[in-house]
Every structure is written in C-alpha cells, then in structure tokens.
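Structure first, then comments.
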Amino acid sequence: RRKIRTLYIGGGTPSTLESQQFHRLVGGLKERLNLRPDAEITAEANPESLDREKALAWSEAGINRISLGVQSLDQQVLDWLGRAAGPDMTRRAMVLASEVFEQVSADWILAPGCESRNLAKEFTEAHALGIGHISFYILEWHPQTALAVDRARGLVQPDDEEKITARYLAAREDLVNLGYRPYEVSNFAQPGQESRHNAA
C-alpha cells in the first residue's frame, strides 16, 4: 500500500507502440497504481522508433524520464551488434530526447570492437548534446540470442577479461572527467540526474 516512487516501462521497446496505445498503457497504470505525485516515470526507447510526435505524446502522458538505447556511435560496433539505427539517427534521437524531457539517460554497451579513444569521444559528444545520465554496460552473452549462436559457430569471439577490464576502467575515468558521478556499477550521472529506479 506504500506509494510508488518509480515506474519503469521497458525491458523491450515501448517506442514501437502507437501513441494512442502508449497513452492507454500509462493511463491504465496510473489508475491502478498508487503513484506519488512526484513519481519518476521512465520509458525506454530505441533511436529508430522515436520521433518528435511520439516524444511529445509520451511527455503529455506523464513520462518524465527517457532511457535511450544508444549502445554506440561507431557504425562498425552497431553493425556487429545488429542495431537498426546508425550514428546519425542516434544523434538526432539524443537531441530530440534532450529537447523534450528534463531527464535523459542513454545506454552504451562495451562490446568487442569498442576502443577507449572512440568511447571517450562518444561520451564527450553525448555530454555536449545534453545527456545527463549514462548507463554503461559490459556485453552479456545470453544463450539462444543471435550473438550467442554466432559465437558457438566461431563467427565472433568475446574480448578477454583483461581487455574488457581496461576499457571499462578507462571509460569510467572519462565519464568522471566529464562530471558524471558513478552511483551504481553501470550508472553515471550529472548532479541531480540520477535515476531513482536504478538507485533502488
């Protein structure tokens, strides 16, 4: 019966929903849940399925934080990950998100092919575009995904632990130098931009 502080719509791609469907989803949740008036309401989006009309509709529905699946601004890494959006589309989505929402989080992933110098440039660019929160994850190889199948067939291989560790620590330092405070293993935020949901 406690009032809910955070609502997170994700674990998939909510941005594929039509605006009317999304309004219905959020409206139904608000009717059924005991949300605090200042609740943090987050929705995940992929760059290729977020446009201005959708972003404004989400804001109108009560979304006050967006989590954007950037993953990388390196075309080679994006191709390797099988992502639909290229770097330019992703940059446009970051600009749009920053214009519409007060709280914007962008996810990066440390995948084979990532280079520390490129990641540093990408984080600097995200900072300049107004991204206040960055989640930086190490790639996980989940069974039965396309990547895991390719790995089993010998088509792709993960980096060794030493290389992953060095790149993660270098990226962490780059983010700190840009003013992003690490407050959880994979989450870094400018002051006041921490995600309540991630912190919990």
- Side chain of Asn64, backbone of Ile41: donor and acceptor closer than 3.5 Å? yes

- With Asn34 via side-chain contact (heavy atoms from CB on, under 4.5 Å) - residues at least two apart: Lys3

- Counting only N and O atoms by type, is there a donor-acceptor contact under 3.5 Å from the side chain of Tyr183 to the main-chain atoms of Ser195? yes

- ring pair (Phe, Tyr, Trp, His ring centres under 6.0 Å) pairs touching residues 21-51, sequence neighbours excluded, are Phe22-Trp58

- Item | Listed partners of Tyr137 passing ring-ring contact (aromatic ring centres under 6.0 Å, His included), at least two apart | none

- Hey, what do you get for NE2 (His197) to OG1 (Thr6), rounding to the nearest 0.5 Å? 5.0 Å

- Query: What closest approach, in Å, do Ala85 and Leu78 show between heavy atoms, and which atom pair accounts for it?
  - Reply: O-CD1, 3.5 Å

- Query: Restricting to pairs with a member in residues 21-35, which pass salt bridge (charged side-chain N to carboxylate O under 4.0 Å, His left out), not counting sequence neighbours?
  - Reply: none

- Note on the structure: Contacts of Leu25 meeting side-chain contact (heavy atoms from CB on, under 4.5 Å) (sequence neighbours excluded), chain-then-number -> Ile9, Leu17, Leu29

- Heavy-atom closest contact (Pro47 atom, Gly69 atom, distance): CD-O, 3.3 Å

- Spell out, yes or no, whether Met89 and Leu50 are grouped together once hydrophobic residues are joined by side-chain heavy atoms under 4.5 Å, including indirect joins. no

- Task: Look only at the side chain of Ser59 and the backbone of Ala55, and say whether a donor-acceptor pair between them is shorter than 3.5 Å.
- Result: no

- What is the distance from atom OG1 of Thr16 to atom CD of Gln21, rounded to the nearest 0.5 Å? 8.0 Å

- Query: Among all residues two or more places apart in sequence or in another chain, which pass the side chain to side chain donor-acceptor pair (under 3.5 Å) test with Arg172?
  - Reply: none

- Return yes if some donor-acceptor pair links the side-chain N/O of Asn46 with the main-chain N/O of Ser49 below 3.5 Å, else return no. no

Name the atoms and distances for all side-chain donor-acceptor pairs under 3.5 Å in residues 93-102, with sequence neighbours left out.
unit_1	atom_1	unit_2	atom_2	d
Ser98	OG	Met94	O	3.0
Ser98	OG	Leu129	O	3.0
Glu99	OE1	Arg52	NH2	2.5

- Do Leu139 and Ile164 sit in the same hydrophobic cluster, where Ile, Leu, Val, Met, Phe, Trp and Tyr count as joined when their side-chain heavy atoms come under 4.5 Å apart? no

- Item | Pair Asp51 + Lys54: basic N to acidic O under 4.0 Å | no

- Item | Side-chain donor/acceptor of Glu184 to backbone N/O of Ser186, under 3.5 Å | yes

- What are the two closest heavy atoms between Gln103 and Gly192, and how far apart are they? NE2-O, 3.6 Å

- In short, Val176 meets Pro182 closest at the heavy-atom pair CG2-CD, 3.8 Å

- Note on the structure: Distance col, row Ile134:CD1 vs Ser105:OG, nearest 0.5 angstrom, shows 8.0 Å

- Could you tell me whether the side chain of Val185 reaches within less than 4.5 Å of the side chain of Tyr168, counting heavy atoms only? yes

- Task: Give, for atom CD1 of Ile66 and atom NE2 of His133, the distance between the pair rounded to the nearest 0.5 Å.
- Result: 14.0 Å

Show the atom names and distances, to 0.1 Å, of all donor-acceptor pairs under 3.5 Å that link a side chain in residues 110-123 to residues at least two apart or in another chain.
unit_1	atom_1	unit_2	atom_2	d
Glu115	OE2	Arg167	NH2	3.4
Glu122	OE1	Leu73	N	3.0
Glu122	OE1	Trp108	NE1	2.7

- Task: Quick one: list whatever passes side-chain contact (heavy atoms from CB on, under 4.5 Å) with Gln190, sequence neighbours left out.
- Result: His127, Tyr180, Gln193

- Task: Classify the side-chain pair Tyr8/Glu40 by whether it contains a donor and acceptor separated by less than 3.5 Å.
- Result: no

- Message: Can you confirm whether Thr90 sits close enough to Val70 that some side-chain heavy atom of one is under 4.5 Å from a side-chain heavy atom of the other?
- Response: yes

- What are the two closest heavy atoms between Asn198 and Ser135, and how far apart are they? ND2-OG, 4.0 Å

- Message: Can a donor-acceptor pair be found, under 3.5 Å and without considering hydrogens, that links the side chain of Asp174 to the backbone of Thr124?
- Response: no

- Decide whether Leu7 and Val104 are clustered together by the hydrophobic rule: side chain heavy atoms of Ile, Leu, Val, Met, Phe, Trp, Tyr closer than 4.5 Å, transitively. yes

- Does Arg83 come within less than 4.0 Å of Glu48, counting only side-chain N to carboxylate O? no

- Within one Ile-Leu-Val-Met-Phe-Trp-Tyr cluster: Ile131 and Ile63, side-chain cutoff 4.5 Å: yes

- Task: Keeping to residues at least two apart or across chains, list the side-chain hydrogen bond (donor to acceptor under 3.5 Å, both in side chains) pairs with something in residues 68-77.
- Result: Gln75-Asp79

- Task: Assess whether salt bridge (Lys or Arg N to Asp or Glu O under 4.0 Å) is satisfied between Asp160 and Lys163, documenting all intermediate values.
- Result: CA-CA 6 Å; Asp160 62 59; Lys163 190 178 287 186; 5.0 Å; no

- How would you list, by chain and number, every residue that makes a salt bridge (charged side-chain N to carboxylate O under 4.0 Å, His left out) with Asp38, sequence neighbours excluded? Arg36, Arg196

- Message: The criterion is side-chain contact (heavy atoms from CB on, under 4.5 Å); which residues satisfy it with Asn177, sequence neighbours excluded?
- Response: Glu173

